[in-house]
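Note: hydrogens, waters and symmetry copies are ignored here, and every other heavy atom, side chains too, is used.
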Amino acid sequence: MVMARLKLAIMGGTFNPIHVGHLVCAEEAVGQFGLDKVLFMPTGKSPHKETEYGASPEDRFKMVVLATAGNPRFEVSRHELDSEQTSYTVDTLRHFRAKLPDTELFFITGTDAVIEILEWKEPGEIFQLATLIAATRFGYPVERIPAKERKFLDVNGARFMEIPCIGVSSSLVRERVAKGQSIRYLVPESVEKFIEKERLYLQK
């Protein structure tokens, strides 16, 4: 009897902080693509954005661990955090392709990110290593992807995933904390308590 290949999706991001939108996206991917595992990958040194904003890499990692603890299909990796190199998707996928040669790899990102797919490092190679799943995000429907980038995604076999509309972002969470506003239900309770205990995001 031939065993089915393990389906593993890597979900990268700064997760500063992780919020319910990230978790809904990962859970939806599990259901729509029959994934066995989603590996959350907190960014180390991002080439695209500042990763600090009031939380250290260790804080971000701990919040992802807290947020995903209750789901047996979710795991967290320190691979990019522990690397001294700038975090590029293609390099991360190469690492896991070499480490897990018999695993079917996926990479989950948002439509807001793939708008700039042609500016990523070696974008064509990414599709040789994994199936890219582009998830809709509040304010970023598939229709917002420019024609040139959309054609590139279609030619390379990107998959598009509709997820429930949740208008929450990490920047919104940080702004609300800085203003003394509630973030209850925007992030898991464990993450809310961690942010309060460690006094994160009180100043931008």
Side-chain angles (χ1 to χ4, degrees), residues 7-43 46-49 51 53 60 63-64 67-68 70-71 73-77 80 87-90 92-93 104-121 123-124 126-176 183-188 191:
K7 289 186 172 184
L8 171 70
I10 294 172
M11 185 170 176
T14 54
F15 301 120
N16 192 20
I18 189 169
H19 54 71
V20 293
H22 294 128
L23 300 172
V24 168
C25 178
E27 181 68 13
E28 196 67 19
V30 168
Q32 290 193 31
F33 295 92
L35 304 177
D36 297 294
K37 292 286 183 183
V38 175
L39 189 64
F40 286 74
M41 183 74 59
T43 303
S46 173
H48 305 297
K49 65 175 76 172
T51 56
Y53 288 126
R60 293 188 289 111
M63 286 188 283
V64 177
T68 59
N71 192 322
R73 292 188 185 272
F74 292 173
E75 295 183 4
V76 188
S77 172
E80 289 190 1
S87 301
Y88 290 103
T89 298
V90 68
T92 296
L93 291 175
E104 185 175 357
L105 288 181
F106 296 78
F107 182 77
I108 304 171
T109 189
T111 50
D112 58 319
V114 297
I115 284 174
E116 301 177 342
I117 186 74
L118 295 178
E119 298 177 18
W120 292 17
K121 179 183 178 182
I126 289 172
F127 290 91
Q128 301 300 315
L129 298 164
T131 299
L132 188 144
I133 300 173
T136 57
R137 175 176 166 177
F138 183 74
Y140 287 89
V142 172
E143 290 75 21
R144 283 197 61 177
I145 302 174
K148 185 177 180 181
E149 285 74 8
R150 179 61 190 268
K151 182 178 180 180
F152 176 82
L153 291 166
D154 289 341
V155 167
N156 284 282
R159 307 287 294 277
F160 295 94
M161 178 176 69
E162 296 285 340
I163 62 173
C165 183
I166 299 177
V168 58
S169 65
S170 295
S171 59
L172 173 65
V173 173
R174 295 195 302 267
E175 289 169 8
R176 291 183 66 87
I183 57 170
R184 182 175 291 178
Y185 309 126
L186 300 181
V187 299
V191 173

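- The side-chain heavy atoms of Glu80 and Thr92, taken from C-beta on, include a pair separated by under 4.5 Å.
- Of all heavy-atom pairs spanning Pro42 and Val64, the tightest one is CG-CG2, 4.1 Å.
- The minimum heavy-atom distance linking Leu172 with Gly167 is given by the pair CD2-O, 3.8 Å.
- One distance of note links NE2 of His19 with SG of Cys25; it measures 9.5 Å at 0.5 Å rounding.
- The 12-atom threshold is exceeded at CD of Gln32, counting heavy atoms of other residues, nucleotides or ligands nearer than 6.0 Å.
- Asn156 contributes no side-chain N or O that, together with a main-chain N or O of Ala158, makes up a donor-acceptor pair within less than 3.5 Å.
- Summarising the geometry of Leu153 relative to Ile117, their closest heavy-atom pair is CD2-CG1, 4.3 Å, with the distance given to 0.1 Å.
- Between Phe107 and Ala130, the shortest heavy-atom contact is N-CB, 4.3 Å.
- The number of heavy-atom neighbours closer than 6.0 Å to CZ of Arg159, taken from other residues, nucleotides and ligands shown, is 12 or below.
- Note that CG of Asp36 and CD of Glu75 are 10.5 Å apart. Values are rounded to the nearest 0.5 Å.
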Could you walk me through whether Lys7 and Phe106 satisfy the side chain to side chain contact (heavy atoms under 4.5 Å, CB included) test, starting with their C-alpha distance in whole Å, then the side-chain angles of each, then the deciding distance to 0.1 Å, before giving a yes or no? CA-CA 8 Å; Lys7 289 186 172 184; Phe106 296 78; 4.1 Å; yes
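- Across Val168 and Gly21, no two heavy atoms sit closer than the pair CG1-N, 3.9 Å.
- For the pair Arg137 (side chain) and Ser169 (backbone), a donor-acceptor distance under 3.5 Å is absent.
- Between the NE2 atom in His22 and the OG1 atom in Thr68 there is a gap of 12.5 Å [rounded to 0.5 Å].
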Let me see the working for Asp154 and Phe160 under side chain to side chain contact (heavy atoms under 4.5 Å, CB included), right down to the final yes or no. CA-CA 10 Å; Asp154 289 341; Phe160 295 94; 3.5 Å; yes
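- Rounded to the nearest 0.5 Å, atoms CG (Leu35) and CD1 (Ile108) are 6.0 Å apart.
- Taking CG of Leu105 as the reference point, atom CD1 of Ile126 lies at 12.5 Å (rounded to 0.5 Å).
- Using a 4.5 Å cut-off on side-chain heavy atoms (C-beta onward), Leu132 and Phe127 make contact.
- Formation of a donor-acceptor pair under 3.5 Å by the Arg174 side chain with backbone atoms of Asn16 is found in this model.
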Does the pair Trp120 and Thr109 meet the rule for a side chain to side chain contact (heavy atoms under 4.5 Å, CB included), with working shown? CA-CA 13 Å; Trp120 292 17; Thr109 189; 4.2 Å; yes
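- Classification of the Phe40-Phe74 ring pair by plane angle, with boundaries at 30° and 60°, yields perpendicular.
- No side-chain heavy atom of Lys148 sits under 4.5 Å from any side-chain heavy atom of Pro146.
- Arg150 has its side chain within reach of Val142: a pair of non-hydrogen atoms, C-beta onward, lies under 4.5 Å apart.
- Atom CG of Asp112 is separated from atom OG1 of Thr136 by 10.0 Å, given to the nearest 0.5 angstrom.
- The shortest heavy-atom contact between Thr131 and Gly157 is CG2-O, 4.3 Å.
- Looking at Leu39 and Met11, their side chains never come closer than 4.5 Å, going by heavy atoms from C-beta outward.
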